[in-house]
Amino acid sequence: MSLRIGDTAPDFEIETTQGRIRFHDWANGSWVFFFSHPADFTPVCTTEMGRTAQLAPEFEKRGVKPLGLSTDSVKEHLAWISDVDATQNTTLTFPIVADKDKKVAELYGMIHPGEDDTAAVRTVFLIDPKMKIRLTMAYPMTVGRNFSEILRAIDALQLTDRMSVACPADWKPGDRVIIRPSLSDEEAKRQFPQGFETLRPYLRLTDVGTAD
Ligand code: BEZ
């Protein structure tokens, strides 16, 4: 059965470009952006790795550690990272798992046989500091991911962990948020003294500013 939101992210021990890791120990209380890609030395993957490296300060600001994975070897990853750095004008500093025997890819359901029997598709697992899976995505091999959406989803998860709110469609940091319907108006007035607009009893909007 595939992993679902709310499941504990399975632990594993494996070689990476930065040595052998035990996943939960490596995460060490941070959020984790764990993502698979089909193969080293392929064009879309090169741009995705480059984008993740370029966004290192954005992940760091949010307390998120990126961890890549493909079914290639450490030697292949290391040779490819030079290409990523050179072509994407960056310095890649996060580890990439070398899952030659597909142990972790199978554990996380990263191989979708209808797409490819041996290579991983483009999966994303956003995992919180308690090692709970909070969001999953799967993209096919020919479609590179939108990294603005990945950062937006992290911001939304972290905001909705801090306050009794939910994020509406196309929400971005700074936009108004929805007060959770489980809160009474009285409780909402206490938690959101800045006030709120009631469009329907179940649809109340408030302004919480940005985390910055
Ligand atoms: C790519 O990264 O460009 C790619 C990888 C596997 C299949 C198709 C595209």
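Start at 1 and go down the list; that is how both ligands and their atoms are numbered.
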message = Just to confirm my output: which protein heavy-atom neighbour is closest to atom 9 (C) of ligand 1, and how far is it?
response = Met141 O, 3.6 Å

task = Just need the protein heavy atom nearest to atom 6 (C) of ligand 1, so name the residue and atom and give the distance.
result = Pro38 CB, 3.7 Å

message = Using 30° and 60° as the class boundaries, would you call the ring planes of Phe33 and Phe59 parallel, tilted or perpendicular?
response = parallel

ask   = Tyr108 vs Phe34 aromatic rings, parallel, tilted or perpendicular, using cut-offs 30° and 60°?
value = perpendicular

message = Considering both backbone and side-chain atoms of Pro43, is one of its nitrogen or oxygen atoms within less than 3.5 Å of a nitrogen or oxygen in ligand 1?
response = yes

query = Can an N or O of Cys45 be found at a distance shorter than 3.5 Å from an N or O of ligand 1?
reply = yes

query = With a cut-off of 4.0 Å, which atoms of ligand 1 are near a heavy atom of Arg122?
reply = 1 (C), 2 (O), 4 (C), 5 (C)

query = Quick one: which ligand 1 atoms are inside 4.0 Å of a heavy atom on Val44?
reply = 1 (C), 2 (O), 3 (O)

Salt bridge flag under 4.0 Å for residues [X] and [Y]:
X      : Y      : value
Asp175 : Lys172 : yes
Arg176 : Asp207 : no
Glu58  : Arg62  : yes

